[in-house]
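First up is the structure itself, then whatever we jot down about it.
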Amino acid sequence: MGIFWSRFLEKPTLSICLLSLVITVTVTSYGYSVLKPTDSSLAEYYLAENTEYFVGDIPADDNGTIDFQKMHKVYWESIFGWINDSELQRITDSEFIWLRSKAFPNHKETEDLFLLLEHGGLNIEIFNEYGDSIFKYGNFSEQERLPNIFQSKFDWVKVPNDDSKYYYLRLYHKKGILFLISIVENLVGKQTALYREIALKNLTPIFFHSFFLMIGIICALVYFIEYKKQYNILLDFSAFSLCFGLLGLTSNVLIRYLFTNSETLFILTTIASNFVFIPMLSGVRRLFGSGSFRVLDILIYIDVFICSLTTILVFSLPFFDLSHTLLISSRTFFILFNLLNILGPIFITFESWKKGNQEAFGHFIGFSVTLLLVILELFIAIKSNDNSTNKVVLWGVLFGVISQGFALERTIFANRQKAQSYKEDLLKAEKSLKESQLKTLQTKMSPHYLFNSLNTIHALHKIKPELIGDAILSLANNYRFISDRTDRDWIPFEEEWNFLEDYLHLQKLRFYDTVQIDFKKSGDFSSVVLPPLLLQPIIENSFKHGFRGSAEEQFQLFIHAKMIRDSVFSFVVYDNGIGIPEDLLTDKTKLLARSLGNIKERLRNIYSEFNFEVTRNFPEGARTEIEIILNSRVQQTL
């Protein structure tokens with residue numbers, strides 16, 4: 001039962017359930033907010049629909065009042081639909097513009113009804129049909145105090161309950177300056193209910209775009225943390241998500257209403273809307289190449305130039321009349337240019353798909369759907385007289401974000417699979433290298449050890465012939481160990497210890513009475529396993545280097561193995577030989593160039609926690625100490 005629950009917790013089941021719950025609740029709540037019955041206290045009211053305009057000011061009589069009844073005989077231009085460039089230029093060149101909109105029908109509400117009016121770059125006054133002022137913002141005689149287009153203002157306007165057929169709006173703005181005026185969410189109602197409805201309609205988009213903003217920030221952090229790995233497509237996706245999230249948040253009407261610094265929001269909206277396509281195109285290029293005739297390369301360079309120029313023009317609006325003229329005359333071009341930014345990826349993904357890249361098909365479908373949505377959005381914008389391209393960009397980049405996100409996930413997953421494969425290959429190569437090193441060690445030891453042992457047996461033949469049998473038996477045991485045990489990864493400690501015992505027996509016969517060996521162990525080694533031939537080279541080092549050329553008549557060698565607690569293995573060897581030269585003590589590389597370096601490398605490949613020290617023994621000789629945390633064994637891939 002315990003194993004089942006452990007496996008259950010190892011799998012991402014709980015996270016998947018929580019994520020599914022969050023998505024279900026979000027989709028359900030959003031669907032309900034769209035499909036739920038409209039609050040009975042709210043009603044729709046469109047300022048732009050069936051609205052007419054008059055270029056120039058309407059003169060007042062001697063009493064300062066305007067006879068709007070006479071204005072019924074004046075020809076009013078329709079504002080509905082697409083306004084051509086020359087007419088739009090005529091509107092912006094006039095300081096005064098009048099709008100005439102159908103009045104909100106009489107209502108029987110006991111409470112006052114309001115609409116939330118957003119306006120920027122102008123002063124405004126609203127009259128009913130009888131000349132009564134309903135709302136006024138700003139002074140119509142002070143041109144220098146007019147707000148610029150960057151300053152978006154919000155005002156609650158009380159809807160009069162009279163029998164007026166029209167509302168008349170007097171707009172006063174700087175000559176040659178574009179301006180903004182609209183009713184938030186096109187709703188009229190009680191102030192509390194209206195505010196709640198505006199908040200509900202905008203909270204989900206705020207959450208949605210905040211999500212993409214956070215994705216962009218996280219991806220950017222990951223890119224810079226893992227900078228050396230050069231996840232360039234991750235940076236493209238990060239910039240793409242950041243632009244998309246910023247565009248949605250800064251253009252959201254609730255954010256604009258709550259945020260006091262409207263100039264900052266306008267600047268961020270301009271930058272995000274102008275440059276959002278560039279990282280999207282760059283990401284597609286990294287995934288599928290530039291395509292025939294280097295289409296994406298050319299398109300990206302054009303984007304950089306045009307978007308930079310457009311940003312400069314927008315920011316110069318309050319200062320240069322030429323900026324307005326250029327922006328107005330290029331409206332159609334920018335719409336076609338946005339379509340081209342989607343047609344480019346469609347062409348590239350289709351071409352890549354035809355060449356056999358199956359992943360490109362999903363992108364081709366995604367960008368094709370995006371194109372249809374953009375065309376639909378353009379149609380709706382023209383019909384509703386909404387000349388803003390923000391919605392076009394929002395619709396256009398949404399599928400780009402989603403498709404690039406999936407592509408990024410697949411790319412990272414594929415790279416992760418490759419990295420895992422490389423890691424496994426590397427571990428196999430390391431294992432082969434360790435086996436090769438061990439075989440090399442065996443090969444080096446065998447002839448050298450055999451030669452010395454035979455010389456020892458030959459010497460015993462003359463001085464101690466009765467010891468020849470023991471020497472041959474120890475030699476046989478050693479070679480049986482080398483041939484039968486060293487091809488294993490691990491052997492019990494006792495087998496290694498017995499091998500050392502036979503080895504030392506032969507060395508003692510070889511050095512006869514000139515060497516005294518203290519060979520002991522302490523602790524419980526029943527569960528200890530070690531790599532074969534790990535300890536013998538340390539002992540051999542004393543005979544090979546420590547006792548050679550020493551003036552001592554009596555050599556001493558101390559070998560002690562012990563267990564410290566249950567999982568710490570200690571092995572110490574020290575002697576009274578010639579010691580370690582000063583140049584080797586100061587240069588560990590030279591010191592470990594001997595066989596001891598091979599031991600340290602083997603330990604590093606096998607254990608994550610160990611200590612290996614070669615130092616001078618006092619008062620003389622050398623000391624080698626190994627301490628291993630046995631349960632820190634590195635995971636090996638076979």
Side-chain angles (χ1 to χ4, degrees), residues 39 41-54 68 79-80 91-92 96-105 107 109 111-129 131-140 145-162 164-174 177-202 250-263 265-266 269 384-388 390-391:
D39 190 336
S41 65
L42 300 174
E44 293 183 341
Y45 177 65
Y46 294 91
L47 179 65
E49 188 174 357
N50 297 323
T51 299
E52 300 166 312
Y53 69 93
F54 178 85
F68 290 106
I79 203 172
F80 187 76
I91 292 173
T92 57
F96 286 93
I97 304 294
W98 280 85
L99 299 180
R100 183 175 72 175
S101 179
K102 286 187 177 181
F104 188 75
H107 50 277
E109 297 287 342
E111 296 184 32
D112 295 331
L113 298 184
F114 291 84
L115 57 85
L116 184 58
L117 187 69
E118 181 181 12
H119 52 91
L122 50 74
N123 290 336
I124 179 174
E125 187 169 12
I126 305 176
F127 301 89
N128 65 7
E129 198 167 359
D132 301 323
S133 179
I134 300 172
F135 169 78
K136 184 177 181 180
Y137 176 86
N139 193 321
F140 284 75
R145 287 195 172 184
L146 281 170
N148 60 51
I149 189 64
F150 298 167
Q151 297 171 325
S152 185
K153 306 292 183 181
F154 290 86
D155 285 290
W156 291 95
V157 178
K158 182 181 176 182
V159 178
N161 191 3
D162 55 33
S164 293
K165 294 183 179 179
Y166 293 99
Y167 297 139
Y168 292 87
L169 288 75
R170 188 188 189 199
L171 311 181
Y172 177 59
H173 66 101
K174 185 179 179 181
I177 296 291
L178 295 171
F179 56 86
L180 164 70
I181 180 169
S182 65
I183 296 175
V184 175
E185 299 297 344
N186 297 313
L187 290 175
V188 171
K190 300 173 185 177
Q191 194 168 2
T192 303
L194 184 58
Y195 186 82
R196 182 177 62 248
E197 187 68 17
I198 292 171
L200 289 174
K201 282 180 175 291
N202 287 277
T250 56
S251 60
N252 185 275
V253 68
L254 182 61
I255 297 291
R256 295 202 307 271
Y257 176 76
L258 297 174
F259 204 72
T260 56
N261 192 348
S262 59
E263 290 90 344
L265 294 181
F266 186 88
T269 302
S384 63
N385 196 42
D386 184 1
N387 295 319
S388 172
N390 286 343
K391 292 183 180 180

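For this chain, numbers begin at 1 and follow the sequence in order.
In this structure, Phe127 and Trp98 have parallel ring planes: the angle between them is below the 30° cut-off, well short of the 60° mark. Ring pair Phe179/His173 is tilted by interplanar angle, where 30° to 60° counts as tilted.
The two residues Glu125 and Phe140 come nearest to each other via the heavy atoms N-CZ, 3.6 Å. Summarising the geometry of Tyr167 relative to Val159, their closest heavy-atom pair is OH-CG1, 3.6 Å, with the distance given to 0.1 Å.
Separation of atoms CD (Glu52) and OH (Tyr166) is listed at 6.0 Å; rounding is to 0.5 Å. For the atom pair Ile183 CD1 and Leu194 CG, the distance stands at 10.0 Å (nearest 0.5 Å). Between the CG atom of Leu42 and the NZ atom of Lys190 there is a distance of 9.5 Å, given to the nearest 0.5 Å.
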Between Tyr257 and Tyr195, is a side chain to side chain contact (heavy atoms under 4.5 Å, CB included) present by the stated rule, with each step listed?
-> CA-CA 11 Å; Tyr257 176 76; Tyr195 186 82; 3.3 Å; yes

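Considering only heavy atoms from C-beta on, Leu117 comes within 4.5 Å of Ile126 through its side chain. Using a 4.5 Å heavy-atom threshold, the side chains of Phe54 and Phe96 count as separate. Looking at Phe68 and Arg100, their side chains never come closer than 4.5 Å, going by heavy atoms from C-beta outward. For the pair Asn252 and Phe259, the minimum side-chain heavy-atom distance is 4.5 Å or more. Under the 4.5 Å side-chain criterion, counting only non-hydrogen atoms from C-beta, Leu171 is not in contact with Tyr53. You'll find the side chain of Leu116 stays beyond 4.5 Å of the side chain of Val253, heavy atoms only. The shortest side-chain heavy-atom distance between Asn202 and Glu185 falls under the 4.5 Å cut-off. Side-chain contact between Asn186 and Glu44 is absent, with no heavy atoms from C-beta onward closer than 4.5 Å.
Inspection of the Ser262 and Ser152 side chains reveals no N or O donor paired with an N or O acceptor under 3.5 Å.
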